[in-house]
Protein chains: 2
Amino acid sequence: MSLVRDISPRTIERLSLYRRLLLPRHEGEGSYIFSHDLAELAGVTATQVRRDFMQLGCMGVPRTGYRIGDLLSGISNILDAPSGQRAALVGVGHLGAALLNHFSGRWRWLHIHAAFDTDPAKTGGTIHGCQCFPLTDLSHLVRERNIELGIITVPKEHAQEVADLLITSGVRGLLNFAPLRLRHPATIYVENVDLTSAFETVAYFSRSRSSSALISEPHRGFPSLDDRKLSGGCF
Amino acid sequence: MSLVRDISPRTIERLSLYRRLLLPRHEGEGSYIFSHDLAELAGVTATQVRRDFMQLGCMGVPRTGYRIGDLLSGISNILDAPSGQRAALVGVGHLGAALLNHFSGRWRWLHIHAAFDTDPAKTGGTIHGCQCFPLTDLSHLVRERNIELGIITVPKEHAQEVADLLITSGVRGLLNFAPLRLRHPATIYVENVDLTSAFETVAYFSRSRSSSALISEPHRGFPSLDDRKLSGGCF
DNA sequence: TGAGAATCGTTATTTCTTTCACGACTATAT
DNA sequence: ATATAGTCGTGAAAGAAATAACGATTCTCA
């Protein structure tokens, strides 16, 4: 399968982004893209794009670019499990339901297979195309249906117990939206989506770089220069 | 105001997290916490915690710890704008509504002041306590009400135009939930919350570190060791 | 066919972030 | 008092990640 090892989280995230940006440009086998064009779409440098693709083993051709079909299959080779992966979402509140809607039927190889909640008003039916079960069924269903991932969208008071339940039921990775950090064994991968931190970070940097320091500062969130000029004048 | 400069995005995110973890423990002026206790709550190392607080100018006392009140005011001093900050959310779909609910009335100094949508069915009223206006009012209201931040939860087809509109209307920072990267001038800070990348990242690492490589690997998402033992046995 | 310019692949370098390591300090017990 | 052990602050080192730089390759056009 995937012979390439040791790809950093940052690179994985970019690969996911590259794929989304490349898909609409994949028209037939004759479609190519230059590193600097993709770089501009992705908001990164051309060097970074080339380096990322180097790790995939995807080779480009000078003055021609990368064949988009190659890139897409190279990325899929890394990101997608051959037999697909299933996730369980726990906590069908506003955020949980929004995620069900957001991810519903979007990919074949990775999808939310079932949702869980303690509220009887929410269970028993289908929400945004996803079956919703009582939490008491979780352990059984995770095992039986081979669910590998858990998405936690419950209030923070219950996040840890839900995480424990998911882990003991056999999931190997968690996507946590609760505003805290989960305790977990080293065998489980946990990705935190911290909406509060994101909001406060924007607030901070939006004023810290108010009028001064417009030069340099290749901080995350601000554009950086490269081989060639990017984003020259947005308007 | 904040005399401290050049705090990295990573540190800012942790400060936001520390504050949330500290607030419930702040009972009176006699409450203290050790760096390693907060580290465990935050899922980082004790050294990291100490270093972060060093940047705030918050001093602890050996064998006593840090006074929680000092930490909270130190963090607030960095994160919170003295006169508060307002955000506008654009795109009251499932995700937008969930965020309105999530952030509604949570903080004094930072809040979503108004929501915008093109759908007349959604505008004119209040959603989760937030007034919702037609998109055509955005430019006017952003200016008049001094809104500094934009939250973009529109479909990707409209994300760039909404960003442009927000920027020309005067916001200085964007929190982008659309699954692409926005073009923007260097004076604007943009934080991307990429739900798809997050989901695919969990999927990737949940299987890449399946049964092997349980040792070391202090990668993001996996726990790391430190001065003292953390998370010794989750169950 | 050869000159010129654009693009790639990759090593070296720089920059950023985290961890290590250890002296200094403080509470506690004897 | 003194010894002991636990915790802090921080310079130094290590580790990750991004960028720069440049030879090699390929297309275009005279």
Side-chain angles (χ1 to χ4, degrees), chain A residues 4-15 17 30 32-40 42-68 70-71 74 201 205 215-230, chain B residues 4-15 30 32-40 42-68 70-71 74 201 205 216-230:
Chain A
V4 193
R5 268 300 73 102
D6 278 339
I7 301 186
S8 79
R10 296 303 243 311
T11 301
I12 293 294
E13 282 171 13
R14 281 192 298 268
L15 292 180
L17 175 62
Y32 287 79
I33 193 167
F34 292 128
S35 61
H36 59 262
D37 287 334
L38 181 56
E40 178 155 17
V44 300
T45 65
T47 301
Q48 180 105 256
V49 168
R50 275 183 261 137
R51 175 171 285 286
D52 288 337
F53 288 153
M54 202 174 69
Q55 293 196 58
L56 298 191
C58 282
M59 292 296 187
V61 176
R63 293 191 62 102
T64 301
Y66 297 84
R67 176 188 248 130
I68 293 181
D70 287 355
L71 295 179
T201 299
F205 284 108
I215 46 169
S216 66
E217 293 282 9
H219 254 323
R220 191 187 57 173
F222 289 100
S224 59
L225 280 321
D226 187 37
D227 305 352
R228 61 198 53 258
K229 190 154 164 288
L230 292 181
Chain B
V4 193
R5 266 301 71 107
D6 279 338
I7 300 187
S8 78
R10 294 304 234 324
T11 301
I12 292 294
E13 282 171 11
R14 282 192 298 268
L15 291 181
Y32 287 80
I33 193 168
F34 291 129
S35 62
H36 59 262
D37 288 333
L38 181 55
E40 177 155 17
V44 300
T45 65
T47 301
Q48 182 111 71
V49 168
R50 289 200 298 269
R51 186 161 287 278
D52 287 338
F53 289 153
M54 203 175 68
Q55 293 196 56
L56 297 191
C58 282
M59 291 296 190
V61 177
R63 293 191 65 104
T64 302
Y66 296 85
R67 176 187 247 130
I68 294 181
D70 287 354
L71 296 178
T201 299
F205 284 109
S216 66
E217 294 282 9
H219 253 322
R220 190 189 58 172
F222 289 101
S224 59
L225 281 319
D226 188 38
D227 305 351
R228 60 198 53 259
K229 191 154 165 285
L230 291 182

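Order of the sequence lines sets the chain letters (A, B, ...), proteins ahead of strands, with each chain counted from 1. No hydrogens, no waters, no symmetry mates; every other heavy atom, side chains included, goes into these values.
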Reckon [X] has a side-chain N or O less than 4.0 Å from the OP1 or OP2 of [N]?
X: B/Arg14; N: C/dT18; result: yes
X: A/Thr45; N: D/dA18; result: no
X: B/Gln48; N: C/dT17; result: no

With 3.5 Å as the limit, what N/O pairs link the protein to nucleotides 10-13 of chain D?
from, atom 1, to, atom 2, distance (Å)
D/dG11, N7, B/Arg51, NH2, 3.4
D/dG11, O6, B/Arg51, NH2, 2.6

Pair listing, side-chain hydrogen bond (donor to acceptor under 3.5 Å, both in side chains) test, anchored in residues 59-68 of chain A, at least two apart: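 Sorted pair list: A/Glu29-A/Arg67.
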Relative orientation of the end axes in the helix from C/dT1-D/dA30 to C/dT30-D/dA1, expressed as an angle to the nearest 10° (five pairs per end):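 That helix gives 10° between its end axes.
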Touch class at under 4.0 angstrom, heavy-atom based, for B/Ser35 against every strand present: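 Sugar-phosphate: the residue B/Ser35, judged by heavy atoms under 4.0 Å, touches backbone atoms but no base.
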Sugar-phosphate, base or nothing in reach of B/Phe53, heavy atoms under 4.0 Å: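 Result for B/Phe53 = nothing.
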Identified side-chain contact (heavy atoms from CB on, under 4.5 Å) partner of B/Gln55 from the options B/Leu15, B/Ile7, B/Asp6: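 Result: among B/Leu15, B/Ile7, B/Asp6, B/Ile7 is the only option passing the side-chain contact (heavy atoms from CB on, under 4.5 Å) with B/Gln55.
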Sequence-aligned protein contact record of nucleotides 23-30 of chain C, with B where the base is within under 4.0 Å of a protein heavy atom and S where only the sugar-phosphate is: --BBB---
B/Gln48: side-chain hydrogen bond (donor to acceptor under 3.5 Å, both in side chains) partners, not counting sequence neighbours: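 In terms of side-chain hydrogen bond (donor to acceptor under 3.5 Å, both in side chains), with neighbours along the sequence ignored, B/Gln48 is linked to no residue.
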Counterpart residues, salt bridge (charged side-chain N to carboxylate O under 4.0 Å, His left out), relative to B/Arg51 (two or more places apart):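 If we apply the salt bridge (charged side-chain N to carboxylate O under 4.0 Å, His left out) test to B/Arg51, skipping adjacent residues, there are no hits.
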A/Arg10 vs A/Arg14 side-chain heavy atoms within contact, under 4.5 Å: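 Contact flag for A/Arg10/A/Arg14 side chains = yes.
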Close side-chain approach of A/Leu17 to A/Val44, heavy-atom, < 4.5 Å: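 A side-chain contact under 4.5 Å is absent here.
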Considering all heavy atoms, the nearest A/Arg50-A/Ser35 contact: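 Distance-wise, the nearest heavy atoms are NE-OG, 3.5 Å.
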B/Asp70 CG to D/dC8 C1', straight-line distance once rounded to whole Å: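 About 15 Å, once rounded to whole Å.
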Whole-Å distance separating the CG atom of B/Leu71 from the P atom of D/dT7: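 Taking atom P of D/dT7 as the reference, CG of B/Leu71 is at 16 Å.
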Qualifying salt bridge (charged side-chain N to carboxylate O under 4.0 Å, His left out) pairs, either residue in residues 53-62 of chain B, two or more places apart: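 Matches after skipping sequence neighbours: none remain.
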